[in-house]
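Accompanying notes for the structure given below.
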Amino acid sequence: MTIQPTHGDVFAEERQQHIARIVEEHGRARVAELSLLFGVSGVTIRKDLDLLEQQGRLVRTHGGAVVAHRTGAERAFDIRERLQRAEKDAIGRAAAAMVVDGESIALDASTTALAMARHLTSRGGWVHLTVITNGLRIAAELAGHPGITVAMPAGFVRWEALSIVGPLSEGLFDKVNIQRAFMGAAAFSLEAGLTDATEEEAQIKRLFVTTATEVVGLVDHTKWERAAFATFCPTASLAAVVADAAAPHAIAELLRTRGIDVQLVDVAGVATRSVDRRAAAGSTSS
């Protein structure tokens with residue numbers, strides 16, 4: 001029997017579309033997490049997942065769902081990397097320009113951080129830059145590049161994100177000093193801060209955030225004014241945010257009033273609009 005959405009729930013189809021996107025982008029999702037995220041019962045989420053499975057958009061598993069027709073460990077990461085590619089490249093370029101030789105920085109396993117890593121290698125001229133990352137793709141991008149030392153935490157590999165997660169990572173962060181952590185996110189809002197779709201990924205990102213002297217959020221405009229399942233960096237803990245120019249300017253101004261530097265980068269590379277914590281209230285540079 002074909003399962004249909006509940007007719008009385010006018011948001012059912014929208015919720016199902018959102019669930020399908022979460023599974024596609026992150027490789028999997030759990031019923032408990034989706035139930036909390038959407039504020040509906042586990043029974044409702046299971047019906048949504050059953051319907052989406054019938055549509056061929058995901059595969060049901062015990063306690064959740066995974067992406068359909070998985071073609072290998074890189075599928076979920078590759079899908080996310082293709083989304084907003086130009087915006088991520090522009091953000092990565094601007095973030096790489098913030099890095100000073102001699103620093104120890106952290107990059108999470110996000111696709112935006114990978115774009116930043118590529119600009120770090122193309123920039124070159126490094127003498128002693130240390131990069132701590134839980135991203136396998138990022139480590140591969142930076143490894144062997146002159147002047148760059150790569151450190152990785154211990155843990156378990158998540159195929160969906162090509163990342164290392166888990167409590168085994170904690171030992172490394174007791175021994176290192178991180179000047180700046182550059183963090184991508186599944187979503188970003190003033191109320192929730194930087195958030196991720198899974199608690200596993202959020203857990204190790206919190207270690208980066210609490211260890212770093214400064215945290216820089218790397219979030220393209222599609223992530224703004226949204227909240228994913230787990231917060232790993234409250235807005236108050238951010239030192240700066242780098243985004244593309246399509247990000248909501250009113251929210252950028254509010255961030256500035258809270259003492260957070262905001263850099264809005266033109267995707268075409270023609271101009272960069274920066275909102276600085278030291279700028280006078282109400283002013284905008286272009």
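Counting all heavy atoms, side chain and backbone alike, Phe208 lies closest to Leu107 at CZ-O, 4.0 Å. Nearest heavy atom pair, residue Ala230 against residue Ala202, reads CB-CB, 3.7 Å. Nearest approach of Ala185 to Val219, heavy atoms of both residues: CB-CG1, 3.9 Å. Nearest heavy atoms, Val23 versus Ala29: CG2-CB, 3.9 Å. The two residues Val267 and Ala86 make their nearest non-hydrogen contact at CG1-CB, 3.4 Å. Heavy-atom minimum distance, Leu264 versus Asp244: CD2-O, 3.8 Å.
A distance of 8.5 Å separates CG in Leu114 from CG in Leu142, rounded to the nearest 0.5 Å. Rounding to the nearest 0.5 Å gives a distance of 13.0 Å between CD of Glu200 and CD1 of Ile164. With rounding to the nearest 0.5 angstrom, the NZ atom of Lys205 is 5.5 Å from the OG atom of Ser110. Between atom CG of residue Asp48 and atom CD of residue Gln16 there is a gap of 4.0 Å, rounded to the nearest 0.5 Å. With values rounded to the nearest 0.5 angstrom, Met183 atom CE is found 4.0 Å from Asp108 atom CG. Separation of atoms CG (Asp261) and CZ (Arg256) is listed at 11.0 Å; rounding is to 0.5 Å.
Proximity of Arg258 to Leu190: side-chain heavy atoms (C-beta onward) are separated by under 4.5 Å at one or more points. Residues Phe229 and Arg30 form no side-chain contact, since every pair of their non-hydrogen atoms from C-beta on lies 4.5 Å or further apart. The closest side-chain heavy-atom distance from Gln263 to Val241 is not below 4.5 Å. Side-chain atoms of Leu238 and Phe188, non-hydrogen and from C-beta on, do get closer than 4.5 Å to each other. Looking at Gln203 and Val165, their side chains never come closer than 4.5 Å, going by heavy atoms from C-beta outward. Side chains of Ile204 and Phe232 form no contact here, defined as non-hydrogen atoms less than 4.5 Å apart. No side-chain heavy atom of Leu51 sits under 4.5 Å from any side-chain heavy atom of Lys47. The closest side-chain heavy-atom distance from Val242 to Met98 is below 4.5 Å.
Side chain of Asn134 to main chain of Ser163: no donor-acceptor pair is present (N/O by atom type, distance under 3.5 Å, no hydrogens or angles). Side-chain atoms of Arg123 come within 3.5 Å of backbone N or O of Ala96 as a donor-acceptor pair. When atom types are taken as modelled, the side chain of Gln179 and the backbone of Ser104 share a donor-acceptor pair closer than 3.5 angstrom. Using modelled atom types, no side-chain atom of Thr195 and backbone atom of Ala186 make a donor-acceptor pair closer than 3.5 Å. Without hydrogens or angle criteria, Ser35 side chain to Ala32 main chain gives no donor-acceptor distance under 3.5 Å. Between the side chain of Asp101 and the main chain of Val127, a donor-acceptor pair closer than 3.5 Å is present. Side-chain atoms of Thr211 come within 3.5 Å of backbone atoms of Leu207 as a donor-acceptor pair (strictly under, hydrogens ignored). In this structure, Trp224 contributes its side chain and Ala246 its backbone to no donor-acceptor pair below 3.5 Å.
Within 6.0 Å of the CG atom in Asn177, the count of heavy atoms belonging to other residues, nucleotides or ligands does not exceed 12.
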Intermediate values then yes/no, salt bridge (charged side-chain N to carboxylate O under 4.0 Å, His left out), Asp89 and Arg93: CA-CA 6 Å; Asp89 182 71; Arg93 181 186 299 108; 3.0 Å; yes
Check against side-chain contact (heavy atoms from CB on, under 4.5 Å), Ile19 and Ile45: CA-CA 9 Å; Ile19 290 171; Ile45 293 296; 4.0 Å; yes
Stepwise side-chain contact (heavy atoms from CB on, under 4.5 Å) check, Val59 with Glu53: CA-CA 6 Å; Val59 175; Glu53 183 177 48; 4.1 Å; yes
Residues Thr198, Glu33; criterion side chain to side chain donor-acceptor pair (under 3.5 Å); working and verdict: CA-CA 8 Å; Thr198 70; Glu33 294 175 348; 5.8 Å; no
Arg60 vs Gln54, side chain to side chain donor-acceptor pair (under 3.5 Å): CA-CA, chis, key distance, verdict: CA-CA 10 Å; Arg60 290 283 277 115; Gln54 290 178 11; over 6 Å; no
side-chain contact (heavy atoms from CB on, under 4.5 Å) between Ile251 and Val262, worked out: CA-CA 10 Å; Ile251 304 299; Val262 180; over 6 Å; no
Worked verdict on Val99 versus Met116 for side-chain contact (heavy atoms from CB on, under 4.5 Å): CA-CA 10 Å; Val99 179; Met116 178 182 172; 3.6 Å; yes
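Between Glu199 and Arg206, at least one side-chain N (NZ, or NE/NH1/NH2) sits under 4.0 Å from a carboxylate O, which counts as a salt bridge. The residues Lys88 and Asp220 are annotated as not salt-bridged, no charged nitrogen and carboxylate oxygen being separated by less than 4.0 angstrom.
Linking ILVMFWY residues whenever their side-chain heavy atoms come closer than 4.5 Å, directly or via other members, leaves Leu36 and Ile22 in distinct clusters.
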